[in-house]
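Structure, as structure tokens:
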Amino acid sequence: MTIQQHVSRVRKLYKLIFRIHRGLPAELRVLGDNYARDEFKRHKQCNMEEARIFLNEWTDYAINLSKQMKPLHQARKKTVGRYLDPKLLDHMSDEQLIQLYELHKAASHPKDDKESSNDNEEIK
């Protein structure tokens, strides 16, 4: 694969992910967009082996999320996402585990803000 083909493939995948994110609830869309943007920037200078793995994983993400965004799936399951296989944690670096934890906190944070703002309103 030439560099131009690689760059074209990365751009197409990047744009596809943002198009798919349009169907997410607002808070998930912001979280997903920011995370994808950061990850693509972070891997801009990676080697070809890392790039191959990176693109395969993000392609799988795009495929899985697009399937979950289909109206028939949403009518039946009403869920977005899937659980992470705990066995994968054994293969992650410390940096990846920290990043995963921070993502978990960010995904949980909007709920905490709403609950605490509701608590504050009740106190008044």
Practice problem: Sort out for me which residue in Lys44, Glu39, Arg37 forms a side chain to side chain contact (heavy atoms under 4.5 Å, CB included) with Lys41. | Solution: Arg37

Quiz item: Should we say atom CD of Glu95 is surrounded by more than 12 heavy atoms from elsewhere, each under 6.0 Å from it?
Solution: no

Quiz item: CD1 of Ile3 to CD of Gln5: how many Å apart, nearest 0.5 Å?
Solution: 11.0 Å

Self-check item: Minimum-distance pair of heavy atoms, taken over all atoms of Gln96 and Ser93
Solution: OE1-N, 2.8 Å

Quiz item: So Glu102 and Lys105, salt bridge (Lys or Arg N to Asp or Glu O under 4.0 Å) or not? Walk me through it.
Solution: CA-CA 5 Å; Glu102 288 175 357; Lys105 282 190 338 188; 5.9 Å; no

Quiz item: Any side-chain heavy atom of His104 within less than 4.5 Å of one from Leu100?
Solution: no

Exercise. Kindly assign one of parallel, tilted or perpendicular to the pair Phe54 and Phe40, based on the angle between their ring planes and the thresholds 30° and 60°.
Key: perpendicular

Self-check item: Crowding at CG, Asp94 (>12 non-hydrogen neighbours, <6.0 Å)
Solution: no

Anything under 3.5 Å between a donor and an acceptor, one on a side chain of residues 6-26, the other on a protein residue two or more places apart or in another chain? List them.
| residue | atom | partner | partner atom | Å |
| --- | --- | --- | --- | --- |
| His21 | ND1 | Asp33 | N | 3.4 |
| His21 | ND1 | Asp33 | OD1 | 2.7 |
| His21 | NE2 | Tyr61 | OH | 2.6 |

Quiz prompt | Residues, nucleotides or ligands: over 12 heavy atoms within 6.0 Å of Leu88 CG | solution = yes

